[in-house]
Peer 1: 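Quick one: the structure is below, and I'll ask about it shortly.
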Amino acid sequence: YGTFENTYKKFGYQVGLRLEQTFTKSEQIVTSQTYENNYFSFYPSIFLKQGITNTFEAQASYTRRINRPGMQSLNPFVNYSDPQNLRVGNPYLKPEYINGIEIGVVKYLTTFSLTSSVFYRITNDVITRYSTFDSNGVSTNTVENLSKAKSYGVELIGTGSIFKWWFVNASA
């Protein structure tokens, strides 16, 4: 990965790029099956800030992140502990990729700062629970990459010291 950061007067920026090659190989010993799921990913980021006054700045950012599936979600072994509700992982499950944009402002006080921002995120290949039922009513539960999700919101953060010995961080 690499990042570059610079400022010009009251304008600052940071750009970054992380490249990643993932090799995943699992073996199901009971059935003598092997699974491979290899993928190359890139994660760009850009952070911009513009000083408005000495105590007030505007910020904007774009980031791409990853949410990898957990081991249990990938495990192809069928769990028969509840014979009416079987659970099995998906060794071909892909990770979720989250592209996020955020715009906000920061107000710096003497010992405290207040940040407010709005964000918008698009998640691709959302990992979703997936159930099927056979003719006997037995369910088989697994996970699949089935959808795309969009989310947006507002965030408020306050950080700083009330007293020299008491640091506070609150968010909503």
Side-chain angles (χ1 to χ4, degrees), residues 1-5 12-49 58-106 115-157 159 169-172:
Y1 68 88
T3 59
F4 179 77
E5 183 175 358
Y13 64 92
Q14 181 187 64
V15 294
L17 180 63
R18 187 175 95 214
L19 305 173
E20 180 179 283
Q21 174 65 52
T22 301
F23 299 100
T24 304
K25 182 177 182 181
S26 57
E27 182 179 358
Q28 176 48 270
I29 295 172
V30 174
T31 61
S32 299
Q33 291 178 297
T34 58
Y35 304 92
E36 288 190 39
N37 190 4
N38 306 324
Y39 50 91
F40 177 79
S41 302
F42 64 97
Y43 308 96
S45 63
I46 184 166
F47 298 92
L48 307 171
K49 65 180 180 178
Q59 300 177 339
S61 68
Y62 164 79
T63 57
R64 183 170 195 242
R65 297 190 171 126
I66 187 170
N67 181 25
R68 292 178 185 82
M71 190 81 82
Q72 190 64 33
S73 296
L74 296 170
N75 187 353
F77 188 76
V78 179
N79 182 335
Y80 292 97
S81 60
D82 179 350
Q84 290 299 112
N85 297 291
L86 308 179
R87 290 186 311 239
V88 60
N90 177 355
Y92 298 110
L93 196 61
K94 297 184 287 188
E96 299 175 327
Y97 292 98
I98 302 105
N99 294 287
I101 297 170
E102 190 168 330
I103 298 170
V105 293
V106 181
T115 304
S116 64
S117 60
V118 294
F119 64 86
Y120 179 70
R121 295 184 187 115
I122 299 173
T123 305
N124 295 306
D125 294 322
V126 174
I127 297 172
T128 306
R129 292 182 191 178
Y130 184 77
S131 299
T132 57
F133 296 87
D134 68 14
S135 59
N136 296 322
V138 175
S139 69
T140 301
N141 304 288
T142 189
V143 283
E144 298 283 341
N145 297 102
L146 291 180
S147 59
K148 177 185 273 191
K150 296 178 183 177
S151 60
Y152 53 89
V154 175
E155 186 173 35
L156 303 170
I157 302 170
T159 57
N169 185 0
S171 63

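Because only heavy atoms are used, hydrogens play no part in the values below, and waters and symmetry mates are left out as well, while side chains stay in. A quick note: this is a predicted structure, and the numbers were derived from the prediction, not measured.
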Peer 1: Let me confirm one number: the CD1-OG1 distance from Ile66 to Thr22, rounded to the nearest 0.5 Å.
Peer 2: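 Between atom CD1 of Ile66 and atom OG1 of Thr22 there are 6.0 Å.
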Peer 1: Could you measure the distance from the CD1 atom of Ile98 to the CZ atom of Arg121? Nearest 0.5 Å is fine.
Peer 2: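 With rounding to 0.5 Å, CD1 (Ile98) is 8.5 Å from CZ (Arg121).
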Peer 1: Please determine, by modelled atom types, if Glu102 and Ser117 share a side-chain donor-acceptor pair under 3.5 angstrom.
Peer 2: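 Distance-only check passes for Glu102 and Ser117.
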Peer 1: For the residue pair Phe4 and Tyr13, categorise the inter-ring angle as parallel (less than 30°), tilted (30 to 60°) or perpendicular (more than 60°).
Peer 2: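 Geometry flag for Tyr13 against Phe4: tilted rings.
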Peer 1: For a side chain to side chain donor-acceptor pair (under 3.5 Å) check, start with the C-alpha distance between Thr159 and Asn169, then their side-chain angles and the critical distance, and finish with the verdict.
Peer 2: CA-CA 4 Å; Thr159 57; Asn169 185 0; 5.5 Å; no
Peer 1: Please determine whether side chain to side chain contact (heavy atoms under 4.5 Å, CB included) holds for the pair Ser41 and Tyr39, giving the CA-CA distance in whole Å, both sets of side-chain angles, and the decisive distance to 0.1 Å.
Peer 2: CA-CA 7 Å; Ser41 302; Tyr39 50 91; 3.6 Å; yes
Peer 1: Write down the atom of Thr63, the atom of Ser45, and the distance for their closest heavy-atom approach.
Peer 2: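 It is CG2-CB, 4.0 Å.
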Peer 1: For Pro69 versus Leu74, what's the shortest heavy-atom pair and its separation?
Peer 2: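 Closest approach of Pro69 to Leu74, heavy atoms only: CG-CD2, 3.8 Å.
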Peer 1: Which distance, rounded to the nearest 0.5 Å, do you find between the CZ of Phe77 and the CD1 of Ile29?
Peer 2: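 Rounded to the nearest 0.5 Å, the CZ-CD1 separation comes out at 10.5 Å.
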Peer 1: Between Pro76 and Val88, which heavy-atom pair has the shortest distance, and what is it?
Peer 2: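 Smallest interatomic distance, heavy atoms only, reads O-CG2, 3.1 Å.
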Peer 1: Which pair of non-hydrogen atoms, one from Phe23 and one from Asn38, has the smallest distance, and what is that distance?
Peer 2: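 Heavy atoms only, the tightest pair is CA-OD1, 3.1 Å.
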Peer 1: I'd like to know whether CD of Gln72 has more than 12 heavy-atom contacts from other residues, nucleotides or ligands below 6.0 angstrom.
Peer 2: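 Counting other residues, nucleotides and ligands, CD of Gln72 stays at 12 neighbours or fewer.
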Peer 1: Listed by chain and number, what are the side-chain hydrogen bond (donor to acceptor under 3.5 Å, both in side chains) partners of Tyr130, not counting sequence neighbours?
Peer 2: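 So Tyr130 forms no side-chain hydrogen bond (donor to acceptor under 3.5 Å, both in side chains) with any residue.
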Peer 1: Would the distance check show the side chain of Asn136 and the main-chain N or O of Val138 forming a donor-acceptor pair, the cut-off being under 3.5 Å?
Peer 2: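 Flag not set: sc Asn136 to bb Val138 has no pair under 3.5 Å.
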Peer 1: Is there a side-chain contact between Phe47 and Lys49 (heavy atoms, below 4.5 Å)?
Peer 2: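 No; the side chains remain at least 4.5 Å from each other.
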Peer 1: Can any side-chain N or O of Gln59 pair as donor or acceptor with the backbone N or O of Gly104 at less than 3.5 Å?
Peer 2: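 No.
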Peer 1: Kindly say whether Gly89 contributes a backbone atom to a donor-acceptor pair with the side chain of Asn75 at under 3.5 angstrom?
Peer 2: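 It does not hold such a pair.
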Peer 1: Have a look at Leu93 and tell me which of Asn145, Asn37, Thr24, Thr142 forms a side chain to side chain contact (heavy atoms under 4.5 Å, CB included) with it.
Peer 2: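 By the side chain to side chain contact (heavy atoms under 4.5 Å, CB included) criterion, Leu93 pairs with just one of Asn145, Asn37, Thr24, Thr142: Asn145.
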Peer 1: Would you say Arg129 and Asn141 make side-chain contact, with heavy atoms under 4.5 Å?
Peer 2: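 Result no, sub-4.5 Å side-chain heavy-atom pair not found.
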Peer 1: Return the CZ to CG distance between Arg65 and Asn99, rounded to the nearest 0.5 Å.
Peer 2: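 Answer rounded to 0.5 Å: 10.5 Å.
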Peer 1: For a quick test of reading the model, state the closest non-hydrogen atom pair linking Pro95 to Asp125 and the distance between them.
Peer 2: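 So the two residues come closest at O-CB, 3.7 Å.
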Peer 1: Find the distance between OG1 (Thr123) and CG (Asn67) and round it off to the nearest 0.5 Å.
Peer 2: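 The distance works out to 8.5 Å.
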Peer 1: Rounded to the nearest 0.5 Å, how far does CD of Gln21 lie from CZ of Phe42?
Peer 2: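 If I round to the nearest 0.5 Å, the distance is 13.5 Å.
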